[in-house]
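Convention: sequence-line order gives letters A, B, ...; per-chain numbering from 1. Computed from a predicted model, the values in this text were never measured in an experiment. Below, each value reflects all heavy atoms present in this structure, side chains not excepted, and no hydrogens, waters or symmetry copies.
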Amino acid sequence: MEEVNDLIKQRVQKLDDLRELDSDPYGRPFDTTHDTKVIHSQYGKLDRESLEKSPIQVTIAGRIIAMRNFGKAAFAHIQDSAGRIQVYFRKDILGKKFSIMKKLDIGDIIGLNGILFRTKTDELTVEVKGFELLTKSLRPLPEKWHGLRDIEQRYRQRYVDLIVNPEVREIVRKRSRIIKSIRDFLESRDFIEVETPMMQQIPGGATARPFITHHNALGIDLYLRIAPELYLKRLLVGGFERIFELNRNFRNEGISTKHNPEFTMLEFYIAYKDYNFLMPFTEDLFKYLAETVIGSLKIPCGDDTIDLTPPWPRIPLYDALVRKGVPEDILRDRERAFSWARQNGIAVKPEDSCGKILDEIFKEKVEPYLIQPTFIIDYPVELSPLAKRKKDNPELVERFELFIASREIVNAFSELNDPAEQKQRFQSQVEAKEKGDEEAHRMDEDYVRALEYGMPPAAGEGIGIDRLVMLLTNSASIRDVIIFPQLKPEK
RNA sequence: GGGCCGUUAGCUCAGCUGGCAGAGCAGCUGACUCUUAAUCAGCGGGUCCGGGGUUCGAAUCCCCGACGGCCCCCCA
């Protein structure tokens, strides 16, 4: 971090030289009249003659990303948040200021004004009448052809990645548009956004290992939430009928191309509906997002094209298994399921429940083939301690997961609102935990108490926003859509 | 936690069976007032990821470690 190489020394020297020339290398506010995108869209069609006839004055600011110096003139490209444009410095126009220009480096941030013209090669260019250094850059940027390729450095120094790799900036923008569009969609359907605790005394609402932290004044350990679910449903008890929360969850699990320890989740709940309502609702949401953000329902994804045109197939979990050659007689028989899984090389543990074993088989035999959007519905009850049983088949719950590109993106169910049954379900989770299942749910007495006041029948859904952004930006790794992914310390 | 691969100049990368550490870009000096991978001439720049070992000699071979990537495991 402390390395001082010649390139930095040279720039520090220039910084002193610039002060001598009365140019503040760490400047002041600078009011612009245009950004580069506006210039291109408004004047991009004007030809050389009309630009000469009625000159257009612009004042812009941005970072120098390329420079071609001549003796008494220079071309540079300036990049702002909207794009880039070429600018042209001439000694006969700038006079004394030209010597300041000579001290500029690639990476410096400048403000300038001038008039638009077209070069010999017809590139729209600003002829600089005056300019001002706004910030001197002391470190050299990566080279212009290959840019910054080193993946580690791109993640560690994302600011450099953002300067030189436009596609990264585009993902950041798209992510912002996706999140805004989700809020628009939900708010237009009368949902309100709420914020529930990130620091929880009992981490609930999901199966995962939590991060532990400590509150000094209270003298207790707290957990970073693994899900907001139980708090959001307390709000259903409290009388809110349509709520959502779009924020971070934290899970103390492995890191991979699909997992970051902190990730963004949307959860929403709607009273007086069930999971059948949520499937078309989800289709509508995804359709809206694709149309708004991508402008198409057909989106590229690796070598495939995903077609989001609804409706999407609904396949019961058991049917999905049987279709992939899983024998029907193992579905309700834990011992048979266990030995079949073992025979087929699927890692299942002796303490796993039947539902857990079927889930493992599903991940191995079915999930890889779920490229196009598919709802897998009706899960075994032991996998879903917060979901409501199916009326006609109490070993299953009213739950679906949406898979796209082999990734689980949505999990939703009809909410269990019977406090006695909820207490029992927690109880069997506690037993699983005592048997060594680290990720089993914990008992939450207050949540049961809340249900005893009466929670309306409701449906709830969670959407992994990072994976959704991956899908809509055709990104292979979650680290490409999380601006600052978690890494080990540098040294 | 396991397996495979990677780490050489600011950046992108060569460097073969072990024999003086290289190129392009970037930088510096000079020339150049329409270039856009500007051009031309010259110059500087290295903890070869770290530590051991083998060897007359290691960027190169061996061992240990760090960090990263991919694939498993776990999870969403």
Q.
By the side chain to side chain donor-acceptor pair (under 3.5 Å) test, which pairs, at least two apart or in different chains, include something from residues 123-134 of chain A?
A. A/H77-A/E123, A/Q86-A/T125, A/E127-A/K129
Q: Classify the angle between the aromatic ring planes of A/F375 and A/W312 as parallel (below 30°), tilted (30 to 60°) or perpendicular (above 60°).
A: tilted
Q.
Categorize A/D122 for me: base, sugar-phosphate, or nothing, with a 4.0 angstrom heavy-atom threshold over every strand shown.
A. nothing
Kindly give the atom pairs (protein nitrogen or oxygen, nucleotide nitrogen or oxygen) under 3.5 Å for nucleotides 28-35 of chain B.
from	atom 1	to	atom 2	distance (Å)
B/rC28	OP1	A/K14	NZ	2.3
B/rC32	N3	A/G71	N	3.4
B/rU33	O2	A/R90	NE	3.3
B/rU33	O2	A/R90	NH1	3.2
B/rU33	O2	A/R90	NH2	3.2
B/rU33	N3	A/R90	NH2	3.4
B/rU33	N3	A/D92	OD2	3.3
B/rU33	O4	A/D92	OD2	3.3
B/rC34	O2'	A/K120	NZ	2.8
B/rC34	O2	A/K120	N	2.5
B/rU35	O2'	A/R68	NE	3.4
B/rU35	O2	A/R68	NE	2.7
B/rU35	O2	A/R68	NH2	3.1
B/rU35	O2	A/Q86	OE1	3.3
B/rU35	N3	A/Q86	OE1	2.9
B/rU35	N3	A/Q86	NE2	3.0
B/rU35	O4	A/Q86	NE2	2.7
B/rU35	O4	A/T119	OG1	2.9

(Q) Under the rule for side-chain contact (heavy atoms from CB on, under 4.5 Å), what residues qualify as partners of A/S353, not counting sequence neighbours? (A) A/K356, A/E382
Q. What salt bridge (charged side-chain N to carboxylate O under 4.0 Å, His left out) pairs are there with at least one residue in residues 248-262 of chain A, not counting sequence neighbours?
A. A/R248-A/E262
**Q.** Sugar-phosphate only, base, or nothing, as touched by A/L7 at under 4.0 Å among non-hydrogen atoms
**A.** base
Can you give me the N/O atom pairs linking the protein to nucleotides 1-7 of chain B at distances under 3.5 Å, or say none if there are none?
none

Q.
If you only use heavy atoms from C-beta on, which nucleotide in B/rG45, B/rG68, B/rC11 is closest to the side chain of A/D6?
A. B/rG45
**Q.** Counterpart residues, side-chain contact (heavy atoms from CB on, under 4.5 Å), relative to A/P25 (two or more places apart)
**A.** A/L15, A/R19, A/L133, A/K136
Q) Less than 3.5 Å between a donor and an acceptor, one on the side chain of A/E143 and one on the base of B/rG24, is that the case here? A) yes
Q: Just grab all the ring-ring contact (aromatic ring centres under 6.0 Å, His included) pairs involving residues 351-373 of chain A, residues at least two apart or on different chains.
A: A/F362-A/F403
**Q.** Sugar-phosphate, base or nothing in reach of A/G147, heavy atoms under 4.0 Å
**A.** sugar-phosphate
(Q) Salt bridge or not between A/E167 and A/R169? Use side-chain N to carboxylate O under 4.0 Å. (A) no
Q | A/T257 side-chain N/O to B/rC71 phosphate OP1/OP2 under 4.0 Å | A | yes
Q.
Let's see if you can work this out: which of B/rC67, B/rC11, B/rC74 has an atom nearest to the side-chain heavy atoms of A/K488?
A. B/rC67
Q.
By the 4.0 Å heavy-atom rule, please label A/R156 as base, sugar-phosphate, or nothing.
A. sugar-phosphate
(Q) OP1 or OP2 of B/rC13 versus the side-chain N and O atoms of A/R149: is any pair under 4.0 Å? (A) no
Q: Can you tell me which residue pairs pass the side chain to side chain donor-acceptor pair (under 3.5 Å) test with a partner in residues 50-66 of chain A, sequence neighbours excluded?
A: A/D47-A/S50
Q: List in chain and number order the residues that pass side-chain contact (heavy atoms from CB on, under 4.5 Å) with A/P197, two or more places apart in sequence or in another chain; answer none if no residue qualifies.
A: A/Q200, A/Y231
Q: Output yes when at least one side-chain N/O atom of A/K258 is less than 4.0 Å from OP1 or OP2 of B/rA76, else no.
A: no
Q. Does B/rA76 have OP1 or OP2 sitting under 4.0 Å from an N or O in the side chain of A/R251?
A. yes
**Q.** Any A/S256 side-chain N or O less than 4.0 Å from OP1/OP2 of B/rA76
**A.** no
Q: Identify which nucleotide among B/rG10, B/rC73, B/rC70 has an atom closest to any side-chain atom of A/R479, counting heavy atoms from C-beta outward.
A: B/rC70
